[in-house]
K.L.:
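Submitted below is the structure of interest, expressed as structure tokens.
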Protein chains: 2
Amino acid sequence: MSMRRTTIKDVAGAAGVGVATVSRVLSGGSASPETRERVLNVAAQLDYRPSALGRNLRQQRSGGIGLLLPDITDTFYGRLADGVLACARSAGEPVILGTTGDDPEREAELIGMLMEQGVDRVIAVPSGDGEIWAPTLRAGLTMVFAHRLSTGHGDVPAVLADDRAGVRTAVDYLTGLGHRRIAYLGGPGQEQRLSVFRQALGGLVDEELIVVARGSRDSAYAAAAGLFQHRPDLTAVLAGGNLLGEAAVLAARELDLRVPRDLSLIMFDDVPWAELCAPPLTVIAQPAQDIGYRAAELVLREGGRRPRGVLLPTELIVRGSCAPRRTPNKSG
Amino acid sequence: MSMRRTTIKDVAGAAGVGVATVSRVLSGGSASPETRERVLNVAAQLDYRPSALGRNLRQQRSGGIGLLLPDITDTFYGRLADGVLACARSAGEPVILGTTGDDPEREAELIGMLMEQGVDRVIAVPSGDGEIWAPTLRAGLTMVFAHRLSTGHGDVPAVLADDRAGVRTAVDYLTGLGHRRIAYLGGPGQEQRLSVFRQALGGLVDEELIVVARGSRDSAYAAAAGLFQHRPDLTAVLAGGNLLGEAAVLAARELDLRVPRDLSLIMFDDVPWAELCAPPLTVIAQPAQDIGYRAAELVLREGGRRPRGVLLPTELIVRGSCAPRRTPNKSG
DNA sequence: CATACTCATGGAAACGATTCCATCATGATT
DNA sequence: AATCATGATGGAATCGTTTCCATGAGTATG
């Protein structure tokens, strides 16, 4: 009942040539025009599709791109993945997706799985530090980091949003509105943003106002609620991602802090619901899809030369969640 | 510099046995206890990892699960993918992700790519009709549909949310509030929901109040705005997905329709921002992650028997976007 | 004691592609 | 005319694994 796949041998036999010739014709090698035409005709007639299995074994590598993300549920990573898929599709390459949950152990596990599969090109939002990636690099994989760097990364190129400028813009905007006690609500792997945040605030930085959550929604909410309860004197918050922003809105509402009257809120990453929120959220937009697309471009370029990383611009989009600091009412 | 991978031959040589024995030991075949131990020791010492490439070629199938979704940017599909990944991870199977954009042509292309890769297990949210999937089935692939059926599907098992009950609940809720002119704002592949909607409304159904958008945000917004402008007499809307719901909120705001005062809104699929919206959105929650997980379970079960599909419950979550119909003010 | 049967074992044949290499024909150069 | 370069071509090796089959040892049964 189930017929055997048509193989390159069948095509060779039907066209009256050797398998080597068929292979050459199909992969663009040299062949005489008439042979080429005959082979192509026969191949089309037999509906021949070369098996990636055979090719992969011979070439010692499975085509395809490994994509390692912390959480595909987060729309930021969803858009990033979309960018990777768009580029991969135009190159005809399959994408193998894995989620790490920001857990280095899971990440290492996934890397092992990818290498077992013969995947030799990986795009990752790294959670672990350099040690995890060292064996990967030694094995000769083509790597590109996206959105984050790995501490102690080798010379792995990275595609990043310009966090530096983004944080600076946000902080400038808030201080310009008169805010002094500004909190940062961060997620995993945002060391660079933190250092810029400290730097932008100059001497004003108050370490208690810097809180780092793990990747989950629960953790983000806990961090936000804890921060707001512990330091009711803060007047502005910079949330380092849409999950954190969501948590901040929720926690503020829960604690009867009105935005932007009692609390100015600015969020990294523009998401569709930012506009639907009450009030609409002021955000630092990041080109998530571009990040993915460019990362895929880099990892596919494969040209021996090491490309330097890419830095993509962010953009402040002012909506309604930030207001000038209310001057403390001394008579109240 | 780059050392050759350690192969099964190396292990066999170092352990003083044949390759067949090594293979048997590692894949759970029969072997004497002392041989088994020696082989396992040597394998561990050499850090031997069997190459999936060789195995795949021999077994004529690449492990792994193909996952075909309309749009990974949509959080519903993001959660669905998350479920699939969770199950696949526990089975140690890689997942190859492709997005169709609800375009049957792209879908067919992706199927071709998957078959070329030797993927023989696919989970899909189908956009095309039965004809597209016929060759797939004939080729002996294990298929599971998720979230949607393909019209004229063969005996492909499907994992679905209970749309029937969901639509009925929503309509009952709205009619219970006094609404009569209820619109349905649908997306691609929701034929079943539409028929249930018509059925639930009984004789009251007004075909002009049924609008179907394509998958994109733009299309959804256009559909919503067009509907609201064309039929200002409607008092309630059922949005068939979070993109449609988002569009409805946006369009209503644009047209100065206040929710729920002028317009009651109920949305399929509970998303985190539904709670952040003003007003918070009443929704029919769908277990997106479960759908993915169960689909992966089915496709991995592989037991020759054809499992029947799975129907998962939906849940009405009442928030603040629905209100009783205002009795028309005859003196106004 | 002879025969049959179980069980561990290793050699070798697949799997389907790519690619090295030898062969042969043709045309150009000396 | 002899040699050389060029280019098309097919046979065979190769990738790493699984699996079929033959072999031999050991045990049980007649």
Side-chain angles (χ1 to χ4, degrees), chain A residues 2-40 42-43 46-64 92 94 115-120 139-140, chain B residues 2-40 42-43 46-64 92 113 115-120 139-140:
Chain A
S2 72
M3 312 195 306
R4 204 174 45 80
R5 253 186 99 97
T6 65
T7 77
I8 202 175
K9 266 188 196 164
D10 303 326
V11 177
V17 297
V19 290
T21 303
V22 177
S23 174
R24 270 189 298 258
V25 167
L26 262 46
S27 41
S30 69
S32 73
E34 58 267 27
T35 307
R36 149 162 283 118
E37 195 190 1
R38 197 171 58 224
V39 168
L40 287 178
V42 171
L46 265 56
D47 190 34
Y48 168 67
R49 319 263 304 186
S51 153
L53 268 38
R55 179 191 1 242
N56 289 347
L57 176 56
R58 172 62 219 238
Q59 312 198 124
Q60 290 287 72
R61 62 197 208 80
S62 142
M115 297 196 52
E116 209 164 296
Q117 297 293 324
V119 173
D120 64 345
Chain B
S2 70
M3 313 194 305
R4 203 173 46 80
R5 254 185 99 99
T6 63
T7 77
I8 202 175
K9 267 186 195 164
D10 302 327
V11 178
V17 297
V19 290
T21 304
V22 177
S23 175
R24 270 189 298 258
V25 167
L26 262 44
S27 41
S30 70
S32 74
E34 57 266 29
T35 307
R36 149 161 283 120
E37 195 189 3
R38 198 171 58 226
V39 169
L40 287 178
V42 171
L46 265 54
D47 190 33
Y48 167 67
R49 318 263 303 187
S51 153
L53 269 39
R55 174 183 13 231
N56 289 347
L57 175 56
R58 173 60 221 243
Q59 314 199 119
Q60 292 287 72
R61 64 196 206 79
S62 143
M113 189 264 278
M115 296 196 53
E116 210 164 294
Q117 296 293 324
V119 172
D120 64 345

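The sequence lines fix the lettering, A, B, ..., with proteins before strands; numbering per chain opens at 1.
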K.L.:
Nearest 0.5 angstrom please: B/L26 CG to B/R36 CZ, how far?
P.N.:
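Rounded to the nearest 0.5 Å, the CG-CZ separation comes out at 9.0 Å.
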K.L.:
Categorize B/G16 for me: base, sugar-phosphate, or nothing, with a 4.0 angstrom heavy-atom threshold over every strand shown.
P.N.:
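Sugar-phosphate: the residue B/G16, judged by heavy atoms under 4.0 Å, touches backbone atoms but no base.
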K.L.:
With a 4.5 Å limit on heavy-atom distance, are the side chains of B/V39 and B/V17 in contact?
P.N.:
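Yes - at least one pair of side-chain heavy atoms lies under 4.5 Å apart.
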K.L.:
The helix from C/dC1-D/dG30 to C/dT30-D/dA1: angle between its terminal axes, five pairs each, to 10°?
P.N.:
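Taking the rotation axis at each end, their angle is 50°.
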K.L.:
Should A/L53 and B/S62 count as side-chain neighbours, where that means a heavy-atom distance under 4.5 Å?
P.N.:
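Yes - at least one pair of side-chain heavy atoms lies under 4.5 Å apart.
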K.L.:
Within this structure, what is the CZ-OG1 distance for the pair B/R49 and B/T6, rounded to the nearest 0.5 Å?
P.N.:
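Going from CZ on B/R49 over to OG1 on B/T6, the span is 10.0 Å.
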K.L.:
Roughly how far, to the nearest 0.5 Å, is the CE atom of B/M115 from the CD atom of B/Q117?
P.N.:
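Rounded to the nearest 0.5 Å, the CD-CE separation comes out at 12.0 Å.
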K.L.:
Round to a whole Å and report the spacing from CE of A/M115 to C1' of D/dG16.
P.N.:
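Distance check: A/M115 CE to D/dG16 C1' gives 16 Å.
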K.L.:
For A/Q117 and D/dT17, give me the distance from atom CD to atom C1', rounded to whole Å.
P.N.:
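Answer to the nearest Å: 14 Å.
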K.L.:
For the pair made of CD in A/E116 and C1' in D/dG16, what is the distance, rounded to whole Å?
P.N.:
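Going from A/E116 (CD) to D/dG16 (C1'), I get 13 Å.
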K.L.:
What distance do B/I8 atom CD1 and B/L46 atom CG have between them, rounded to the nearest 0.5 Å?
P.N.:
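The distance works out to 12.5 Å.
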K.L.:
Just how far is it from atom CZ of B/R55 to atom CZ of B/R61, taken to the nearest 0.5 Å?
P.N.:
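Reported to 0.5 Å precision, the distance equals 9.5 Å.
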K.L.:
Taking B/V42 as the fixed residue, which of B/V22, B/D10, B/V11 is the one that meets the side-chain contact (heavy atoms from CB on, under 4.5 Å) rule?
P.N.:
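Output: one option passes, namely B/V11.
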K.L.:
Within the 4.0 Å limit for protein heavy atoms, which parts of nucleotides 15-28 of chain C are touched? Write it as a string from 5' to 3', B for base, S for sugar-phosphate only, - for none.
P.N.:
BBBBB---------
K.L.:
Counting just side-chain N and O atoms, does A/T35 come under 4.0 Å of either OP1 or OP2 of D/dT9?
P.N.:
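Answer yes for this pair, as a side-chain N or O of A/T35 is under 4.0 Å from OP1 or OP2.
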